[in-house]
Amino acid sequence: MKKFIILTLIGTVTYFGVGWLIFDLILGTYTEANTTQLAGFKRSPEEFNWSFLVISCAAYAALMVYILTHLTRTTDPVKGMVTGSVVGILVAIMANTYWLASSHFYNNVAVAFVDVAGAAVAVGILGLVITLVSRRLQ
């Protein structure tokens, strides 16, 4: 359990940082320009709830730790990166196709695919870091 907690904490920090880099810094302007912007839908910087963002990152990290250390039992960084990328792609496709089916959130399909690519990279890096640290903790 100690290893699971340590890996989840490290994964949370990793996904928070990589997610900010990819989804805010690199893709943020593009995504904002290609999604429906409704008054009151997004929280203002003053209203933003950092606690929920950290919980979101921790949940993804815990999922990847569980998959990599309990289901696949891999400490191979390449396998960790590939597994993370596959999970990131599938989760993003699940979420984005839901939004495409049920809303006008995305203005076009391309922005949903760009988000999937971002998830592949971000969660791939998360898987890579988890396996590298897991290997060191053995």
Side-chain angles (χ1 to χ4, degrees):
M1 189 58 150
K2 181 181 175 183
K3 181 178 177 181
F4 185 89
I5 292 169
I6 290 168
L7 290 172
T8 299
L9 289 172
I10 291 168
T12 300
V13 171
T14 299
Y15 192 65
F16 183 92
V18 171
W20 171 80
L21 178 68
I22 292 172
F23 297 110
D24 285 343
L25 193 62
I26 297 171
L27 298 177
T29 303
Y30 173 78
T31 301
E32 190 167 325
N34 290 284
T35 52
T36 301
Q37 303 298 310
L38 299 172
F41 181 70
K42 283 184 167 180
R43 292 180 185 263
S44 68
E46 299 78 34
E47 297 173 307
F48 193 85
N49 192 316
W50 290 97
S51 298
F52 285 128
L53 180 60
V54 171
I55 291 168
S56 173
C57 293
Y60 222 152
L63 173 65
M64 290 308 305
V65 169
Y66 180 74
I67 290 169
L68 292 169
T69 64
H70 289 81
L71 297 181
T72 65
R73 299 187 188 278
T74 186
T75 57
D76 180 311
V78 173
K79 287 182 182 178
M81 185 173 60
V82 170
T83 301
S85 291
V86 169
V87 170
I89 288 167
L90 293 174
V91 170
I93 288 173
M94 177 273 307
N96 292 351
T97 54
Y98 169 80
W99 285 111
L100 287 165
S102 65
S103 74
H104 297 284
F105 177 66
Y106 289 120
N107 294 341
N108 57 63
V109 175
V111 69
F113 286 124
V114 168
D115 184 73
V116 170
V121 174
V123 186
I125 292 170
L126 175 61
L128 172 71
V129 169
I130 288 169
T131 52
L132 285 170
V133 174
S134 181
R135 178 184 275 186
R136 304 229 358 132
L137 292 177
Q138 286 184 340

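Just so we're clear, the structure is a prediction, and the values are computed from it rather than from any experiment.
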When every non-hydrogen atom of Arg135 is compared with those of Pro77, the smallest separation belongs to NH2-CD, 3.4 Å
Please answer: with hydrophobic residues joined when any side-chain heavy atoms are less than 4.5 Å apart, are Val13 and Val129 in the same cluster? no
Nearest non-hydrogen partners of Ser134 and Thr75, listed with the distance: OG-CG2, 3.8 Å
Under the ring-ring contact (aromatic ring centres under 6.0 Å, His included) rule, collect the residues that match up with Trp99, sequence neighbours excluded. Phe105
List the steps, then state whether side-chain contact (heavy atoms from CB on, under 4.5 Å) holds for Thr31 with Val114. CA-CA 9 Å; Thr31 301; Val114 168; 5.6 Å; no
side-chain contact (heavy atoms from CB on, under 4.5 Å) with Asn34: which residues, sequence neighbours excluded? Tyr30, Asn108, Val111
Counting only heavy atoms not in Tyr98, do more than 12 fall under 6.0 Å of its OH? no
Group every Ile, Leu, Val, Met, Phe, Trp and Tyr by side-chain heavy-atom contacts under 4.5 Å, then state whether Met94 and Ile89 land in the same group. no
At their closest point, which heavy atom of Lys3 faces which heavy atom of Leu137, and how far apart are they? CG-CD1, 4.1 Å
Path from Leu132 to Val87 over hydrophobic side-chain contacts below 4.5 Å: no
Distance in Å, Ile55 CD1 paired with Thr12 OG1, rounded so as to fall on 0.5 Å steps: 10.5 Å
Compare every heavy atom of Thr8 with every heavy atom of Ala61, then report the nearest pair and how far apart it is. CB-O, 3.6 Å
Is there a path of hydrophobic side-chain contacts, each under 4.5 Å between heavy atoms of I, L, V, M, F, W or Y residues, that connects Leu68 with Ile6? yes
Step by step, work out the side-chain contact (heavy atoms from CB on, under 4.5 Å) result for Tyr106 and Thr36. CA-CA 6 Å; Tyr106 289 120; Thr36 301; over 6 Å; no
Nearest heavy atoms of Thr69 and Val65, plus distance in Å: OG1-O, 2.6 Å
Between Tyr15 and Ala122, what is the shortest heavy-atom contact and its length? CE1-CB, 3.9 Å
Verify whether the ring centers belonging to Trp50 and Phe48 lie closer than 6.0 Å. yes
Would you give the length of the straight line joining atom CD of Glu32 to atom CG of Asp24, rounded to the nearest 0.5 angstrom? 10.0 Å
Is any side-chain heavy atom of Ile125 less than 4.5 Å from a side-chain heavy atom of Met81? no
Tyr66 OH to Ile130 CD1 distance, which is reported to the nearest 0.5 Å: 14.5 Å
Separation between CZ (Phe52) and SG (Cys57), nearest 0.5 Å, reads 13.5 Å
Are Ile67 and Val82 connected, step by step, through hydrophobic side chains (Ile, Leu, Val, Met, Phe, Trp, Tyr) whose heavy atoms are closer than 4.5 Å? no
Hey, mind stepping through Lys79 and Thr131 against side-chain contact (heavy atoms from CB on, under 4.5 Å) and telling me if it holds? CA-CA 8 Å; Lys79 287 182 182 178; Thr131 52; over 6 Å; no
Does the pair Val18 and Leu126 meet the rule for a side-chain contact (heavy atoms from CB on, under 4.5 Å), with working shown? CA-CA 8 Å; Val18 171; Leu126 175 61; over 6 Å; no
Have Ser44 and Glu47 got a donor and an acceptor in their side chains that come within less than 3.5 Å? yes
